[in-house]
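FYI, the numbering just counts along the sequence from 1. This one's a predicted model, so the numbers in the text were calculated from it and none came from an experiment. In what follows, every heavy atom counts, from backbone to side chain, and hydrogens, waters and symmetry copies are set aside. Counting convention: from 1, in listed order, for ligands and their atoms alike.
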Amino acid sequence: ITGPRSPDQVYSEGQPYSFFLTKVHGIQNQYNQVLAMDIKDILSPIMGTLQASCQFNYMFEIPWLMKQYPEQFRSKPLLLVHGFTAGNKTALEIEATKYSNIKFCQARLEMIYGTHHTKMMMLLYEEGMRVVIHTSNLVERDWYQKTQGMWISPLFPKLKKEENKSNFSRGDSPTNFKKDLLDYIGSYKAYQLKDWQQNIADHDMSSAKVVIIGSSPGRHMAENKHKFGHMRLRKVLNTHGPPKDFVKSWPVIGQYSSIGSLGATKDAWLATEFLQSLATVEGSSCVPLASINLKLIFPTKDNVRCSLEGYPAGASIPYSINVAKKQTYLTSYFHHWISKGRGRSRAMPHIKSYCRPSPSSQEVAWFLVTSANLSKAAWGALEKKGSQLMIRSYELGVLFLPKFFGSKKTIPVSSDINDTDKLLLPYDLPLKPYQKEDRPWIWDIAYKELPDCNGNMWCPS
Ligand SMILES: O=C(O)c1c[nH]c2c(Br)cccc2c1=O
């Protein structure tokens with residue numbers, strides 16, 4: 001079909017991977033008609049008759065959010081799960097005063113510098129329940145001219161009464177989606193989430209094909225060491241990852257919109273502990289790391305300057321000069337943000353994704369879309385001789401593994417929107433490495449030499 005599609009048509013065209021990007025204002029139509037959804041599409045009555053919803057996120061603009069729900073759903077119970085404290089928490093509650101259907105759950109953040117990054121919608125319908133795990137804040141500018149990703153679950157039917165009496169794991173999938181989602185939500189230890197835990201338990205999620213990869217703040221040790229963060233990814237790839245010899249020469253790609261302090265050298269965390277997890281293969285995680293080619297995608301200052309939003313796009317790419325100057329070794333890993341295939345080279349990335357592509361770029365051994373940036377806060381850092389993993393923030397993502405999509409060893413990928421039978425990547429392959437004059441975007445320094453596409457300079461105060 002050519003021309004505008006209804007959300008359910010876009011949804012079915014995106015199966016079986018169900019990985020979509022957000023629509024972008026100001027690019028050619030065809031790039032928004034294929035495998036792209038707006039928040040209004042997700043919340044459309046065509047996707048289900050809403051009874052209640054729960055929005056996990058980091059940033060919220062409540063009046064804007066309410067307008068994204070269809071009129072007839074705006075009075076349905078809405079639970080907002082956030083990480084705000086003190087003044088920010090009060091401000092959020094004041095913003096919601098006039099909406100009597102809104103309730104709050106403040107996620108515990110006991111680790112300093114931790115944030116509640118997780119972005120998830122749980123949608124309870126008359127017809128069943130749907131889960132959306134994505135990368136966009138619930139603010140207008142995150143859904144306007146950025147590249148954002150989302151996984152939209154199937155419509156999970158309600159379990160018949162007698163079925164779910166036994167225990168929570170009734171109606172789970174081969175990927176343990178339901179159990180892992182309940183474990184993640186359980187890690188909040190918040191009574192306000194009890195009803196939604198029950199909603200999950202009450203639904204048949206056996207059709208979920210993705211694996212949950214979450215992060216929850218804390219020091220995770222012993223049997224919990226592989227429950228979250230990069231050790232969770234290591235465990236899942238150890239169990240379900242590619243055969244060692246099959247991917248020997250395959251690179252690993254990290255793509256994100258912010259970078260934390262990763263240590264003074266590549267061997268402090270990035271090229272050792274973190275790469276060890278990303279490069280994990282079936283049956284063993286002991287891979288000679290020096291042989292693995294790690295490629296990082298991060299927008300250059302010119303990518304931002306020439307973007308649809310201009311320099312202001314950089315207000316959502318918070319890489320600070322004080323962090324960057326301590327880790328100039330990263331530049332040798334960096335690659336441009338280029339997304340010609342998806343029409344999004346000028347729609348700056350706020351999506352975070354990781355994958356293991358073949359040298360030919362035709363297939364991947366796995367693909368992960370997540371809220372987790374390139375930071376120890378998000379992925380965790382091993383402590384006490386590797387006996388515990390310290391994570392500061394809440395994060396959530398979904399991992400696509402070949403075996404759960406019926407194929408033997410790989411998932412075919414493309415960035416050409418005509419290949420809708422493949423997993424469509426958010427950026428072009430092969431990647432373009434930084435040249436020596438390229439600089440990563442840094443958000444807290446001035447750019448006064450060249451104006452952006454709106455004729456403005458960037459003078460952060
Ligand atoms: O995870 C996210 O969505 C984000 C986390 N931190 C941010 C900061 Br700090 C400044 C501006 C934007 C973001 C952001 O978008």
* To do: Could you tell me if the ring centre of W269 sits under 6.0 Å from that of F274?
  => yes

* Donor-acceptor side-chain pairing of T118 and N57 below 3.5 angstrom -> no

I'd like the atom pairs linking ligand 1 to the protein - N or O on both sides, separation under 3.5 Å - with distances to 0.1 Å.
from     : atom 1 : to   : atom 2 : distance (Å)
ligand 1 : 1 (O)  : H117 : NE2    : 3.3
ligand 1 : 1 (O)  : K119 : NZ     : 3.2
ligand 1 : 3 (O)  : K119 : NZ     : 3.0
ligand 1 : 3 (O)  : N137 : ND2    : 2.8
ligand 1 : 3 (O)  : H350 : NE2    : 3.0
ligand 1 : 15 (O) : N137 : ND2    : 3.1
ligand 1 : 15 (O) : H350 : NE2    : 2.7

* Asked: Does the separation of the ring centres of Y434 and Y333 fall below 6.0 angstrom?
  -> no

* Asked: If you draw the axis of the six-membered ring of F334, does the NZ or CZ of R439 fall within 45° of it and under 6.0 Å from the ring centre?
  -> no

* So which of Y394, Y58, F56 actually passes ring-ring contact (aromatic ring centres under 6.0 Å, His included) with H117? -> Y58

* **Proximity of H134 and F20 rings by center, below 6.0 Å** => no

